[in-house]
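Single-structure report; data block below.
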Amino acid sequence: MQLITPAPTQRPTETFTGEVLMTPLATGVQPSRLGVAHVRLAPGARTFWHVHPRGQVLHVPDGTALVGTRDGSVVRARAGDTVVRAPGEEHWHGASADAFAAHLAI
């Protein structure tokens with residue numbers, strides 16, 4: 001068993017626009033590829049366009065998160081919702097214009 005105290009919150013300006021706080025929670029040890037971060041976004045903040053080669057899971061514990069794809073589709077995920085991204089799918093995720101959001105990026 002291992003107790004992990006989260007690292008200090010970061011402001012990842014190179015991958016987000018707007019006010020964002022990101023706290024890394026866990027990083028797997030090989031052969032695991034697990035990574036978990038708690039991301040909190042002010043209204044209108046979002047990631048830049050990006051891809052996860054092995055896919056991604058976003059769980060929304062608070063607020064209203066938006067997840068968009070290149071075809072123009074946007075999913076509105078509310079507290080308790082989970083969004084599963086397919087491997088290689090180009091996308092962005094962030095907060096709606098009028099509400100804070102938080103998600104666990106897995």
task = Would you name the heavy atoms of A102 and P61 that are closest together and state the gap between them?
result = O-CD, 3.3 Å
query = Should the heavy atoms of other residues, nucleotides or ligands under 6.0 Å from CZ of R70 be counted, would the total exceed 12?
reply = yes
L34 side chain near I106 side chain, heavy-atom distance below 4.5 Å = yes
task = Go through the side-chain N and O atoms of S96 and T64 and say whether any donor and acceptor fall under 3.5 Å apart.
result = no
task = Take R54 and R33 through the test side-chain contact (heavy atoms from CB on, under 4.5 Å) and record every step on the way to the result.
result = CA-CA 9 Å; R54 293 183 177 95; R33 295 185 301 260; 2.9 Å; yes
ask   = How long is the gap from CG on L104 to CG on D62, to the nearest 0.5 Å?
value = 9.0 Å
query = Hey, are the side chains of P6 and L25 touching, using non-hydrogen atoms and a 4.5 Å cut-off?
reply = yes
inquiry  = Between W49 and L66, is there shared hydrophobic-cluster membership here, with clusters defined by ILVMFWY side-chain heavy atoms closer than 4.5 Å?
reply    = yes
key: R40 vs T23 side-chain heavy atoms within contact, under 4.5 Å   = yes
message = Side chains of H59 and H103: any donor to acceptor distance under 3.5 Å?
response = no
request  = Report yes if the side chains of R76 and V74 come closer than 4.5 Å at any heavy-atom pair, otherwise no.
outcome  = no
query = Going by distance alone, is a donor N or O of one side chain under 3.5 Å from an acceptor N or O of the other, for T69 and R85?
reply = no
request  = Report the relative orientation of the aromatic rings in H52 and H93; use parallel for angles under 30°, tilted for 30 to 60°, perpendicular for over 60°.
outcome  = parallel
task = Check whether any side-chain heavy atom of V20 sits under 4.5 Å from a side-chain heavy atom of R11, and report yes or no.
result = no
ask   = So do the side chains of F48 and T17 get within less than 4.5 Å of each other, counting heavy atoms only?
value = yes
ask   = Within a reach of under 6.0 Å around CD of E89, are more than 12 heavy atoms found that belong to other residues, nucleotides or ligands?
value = yes
remark   = Looking only at heavy atoms, the pair that brings P53 and P87 closest together is O-CB, 3.2 Å
message = Using every non-hydrogen atom in the two residues, find where F100 and A95 come nearest and quote the distance to one decimal.
response = C-CB, 4.4 Å
Check against side-chain contact (heavy atoms from CB on, under 4.5 Å), T82 and L58 = CA-CA 6 Å; T82 300; L58 296 173; over 6 Å; no
H50 to W92 - nearest heavy-atom pair and separation = CE1-CA, 4.3 Å
query = What's the verdict on side-chain contact (heavy atoms from CB on, under 4.5 Å) for T9 and L21, showing C-alpha distance, side-chain angles and the deciding distance?
reply = CA-CA 6 Å; T9 298; L21 298 175; 3.3 Å; yes
